[in-house]
Amino acid sequence: MSVLFQNYARRPIELVEGKGTIAYDQNGKKYLDFSSGIAVTSLGHANEELVQVVCEQSKKVWHTSNLFQNSKQEEVATKLIEGTHFGQALFCNSGAEANEAAIKLARKHTGKFKIITFQQSFHGRTLGTMAATGQDKVKEGFGPMLETFDIIPYNDEAALERAMGDDVAAIMLEVVQGEGGVEPITETFAEKINEMSKQYGALIIVDEVQTGIGRTGTKYAFQQTVLQPDIMSLAKGLGGGFPIGAMIATKELADTFGPGTHGTTFGGNYLATAVASKVCDIIFDETFLQQVQEKGAYLKEAVEKELPSLETKGQGLLFGIRQEGWDVASVLAKAEEAGLLTVAAGNNVLRLLPPLTVSKEEIDEAVHILKQIL
Ligand SMILES: *Cc1c(COP(=O)(O)O)cnc(C)c1O
């Protein structure tokens, strides 16, 4: 019997080594890793440049706490906000923590506590972010929930209009719902969110924990929409596999978090920010992002050509496929057996999350495997 809590339905394999898109399990079996540790290892396994950064930083300091200046945090924050309307960042250790910071900032800044979130959303597993999440299965047995959140249908303008009022502190959303089934926001809904936010003085929080840092083919996914967020949360891809999260906000919100208002011991430590800095350098390059878009389009085209009966959805390399009536768990298991690692999402969607460095040959190979098993 395992000495671990059985809170994860773990696959019966252990990945012990890898390089780029390729990973090997404990028996030496080779896989194409289109799971990337759930959109985390965006530069693949054992990326040379990241390995070097970790080694070099580890010989200097690892952690000094937020009692002291930290130029690495300044460096990463500068890269994150560059080319956007945002003004400053706060570092933490995970997506849920970044969202907690966002929720606290929105409450304190507006003096209100009602936050609108959406059905099928996923924002994390802490008491606050669990309550924000629009999926009942995440909440079972953990009640009562924090009352802050009003959870309404996604991409439903009329429902949003009905839910709005002067008591709304913020509207919090994923630009593409990841865990909920790879569901992108519609343009009209994005417009409606902007409009409602202005009309009622409510902030817009985009949870880009999964969509951010190049995953959808732009630095952040909201940049492909008209959305004008006040706050953004990041994590997953930011550290290339090293745990780090960040909350980003506009200058107008800077003064709301003064000394002593919020914090975390580990947040933005040197190992994490050293890696994140290099991740930003690589991914925020225009050519690199262009290639992510091309590879996303290539993957979509290949799936639609080889497997025309499948429904495809998503953006960039956050890609979902679905077929009426299939059992996604068994599809996932079959793919794994055939050497392709994927992730399930929402209502029977299979999510393909290759590293952003994936090659077209690897995409061909993955589609070939899918065709065989389906
Ligand atoms: C994964 C995820 C989270 C939670 O991140 P953790 O690091 O697991 O806390 C929050 N929001 C979104 C959109 C996510 O995909």
Side-chain angles (χ1 to χ4, degrees), residues 5 7-10 35-42 90-106 115-135 137-139 142 146 149 151 154-155 170-185 204-216 220-222 225 227 229 231-248 264 266-269 272 275-276 279 313-320 342-346 349 351-353 356:
F5 273 107
N7 56 318
Y8 302 108
R10 294 178 193 273
S35 67
S36 300
I38 320 183
V40 168
T41 52
S42 285
L90 177 151
F91 291 99
C92 54
N93 312 286
S94 70
E97 257 186 87
N99 285 333
E100 285 283 341
I103 293 162
K104 284 177 70 175
L105 183 66
I115 295 178
I116 292 176
T117 62
F118 299 95
Q119 290 171 9
Q120 292 303 116
S121 64
F122 184 79
H123 298 296
R125 300 281 195 166
T126 58
L127 278 171
T129 58
M130 167 179 68
T133 292
Q135 301 183 44
K137 63 173 196 242
V138 168
K139 307 179 178 184
F142 296 115
L146 192 68
F149 303 98
I151 303 175
Y154 190 58
N155 283 335
I171 305 165
M172 179 172 172
L173 71 145
E174 294 160 272
V175 183
V176 182
Q177 289 191 333
E179 304 303 311
V182 195
E183 206 57 52
I185 194 170
I204 299 175
I205 305 172
V206 286
D207 176 348
E208 294 239 20
V209 168
Q210 187 156 160
T211 51
I213 319 293
R215 176 53 59 184
T216 67
Y220 308 115
F222 83 83
T225 72
L227 280 173
I231 307 175
M232 172 172 69
S233 53
L234 300 170
K236 293 199 165 92
L238 177 57
F242 203 99
I244 180 170
M247 192 237 347
I248 318 288
T264 160
F266 288 128
N269 99 1
V275 184
V279 168
K313 41 210 234 163
Q315 211 157 42
L317 289 173
L318 170 50
F319 187 71
T342 59
V343 195
V349 173
R351 225 177 338 163
L352 303 181
L353 299 164
L356 308 183

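Counting convention: from 1, in listed order, for ligands and their atoms alike. For clarity, every value in this text was computed on a predicted model and none was experimentally measured.
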Ligand 1 versus [X], non-hydrogen atoms closer than 4.0 Å: side chain, backbone, both, neither?
X      : value
Ala96  : both
Glu174 : side chain
Ile38  : neither

TODO: Return the minimal non-hydrogen interatomic distance between Ala101 and Leu90, and the atom names on each side.
DONE: CB-CD2, 4.4 Å

Task: CA sep, side-chain torsions, deciding dist, call: Arg351, Glu179, salt bridge (charged side-chain N to carboxylate O under 4.0 Å, His left out) - done: CA-CA 9 Å; Arg351 225 177 338 163; Glu179 304 303 311; 2.9 Å; yes

Task: Under-4.0 Å protein heavy-atom contact, atom 6 (P) of ligand 1 - done: yes

- [ ] Report the distance from atom CD1 of Ile213 to atom OH of Tyr220, rounding to the nearest 0.5 Å.
- [x] 5.0 Å

Task: Gap between atom CD1 of Ile231 and atom NZ of Lys104 - 0.5 Å precision - done: 13.0 Å

TODO: Using atom types as modelled and distance alone, determine if a side-chain donor or acceptor of Thr117 lies under 3.5 Å from a backbone N or O of Ala132.
DONE: yes

Check each atom of ligand 1 against the heavy atoms of [X] and keep those under 4.0 Å away; list them by number with element.
X      : answer
Lys236 : 1 (C), 2 (C), 3 (C), 14 (C), 15 (O)
Gly95  : 5 (O), 6 (P), 7 (O), 9 (O)
Asp207 : 10 (C), 11 (N), 12 (C), 13 (C)
Asn99  : 10 (C), 11 (N)
Gln210 : 15 (O)
Ser94  : 7 (O), 9 (O)

- [ ] Please name all residues satisfying side-chain contact (heavy atoms from CB on, under 4.5 Å) with Leu146, sequence neighbours left out, ordered by chain then number.
- [x] Arg107, Ala131, Thr148, Phe149

- [ ] Verify the distance criterion only: is there a donor paired with an acceptor across the side chains of Thr129 and Asn99 at less than 3.5 Å?
- [x] no

Open item on the list: Under a 3.5 Å cutoff, is there a donor and acceptor pairing between the side chains of Ser121 and Gln177?
Closed with: no

Task: Min N/O separation Phe122 to ligand 1 under 3.5 Å - done: yes

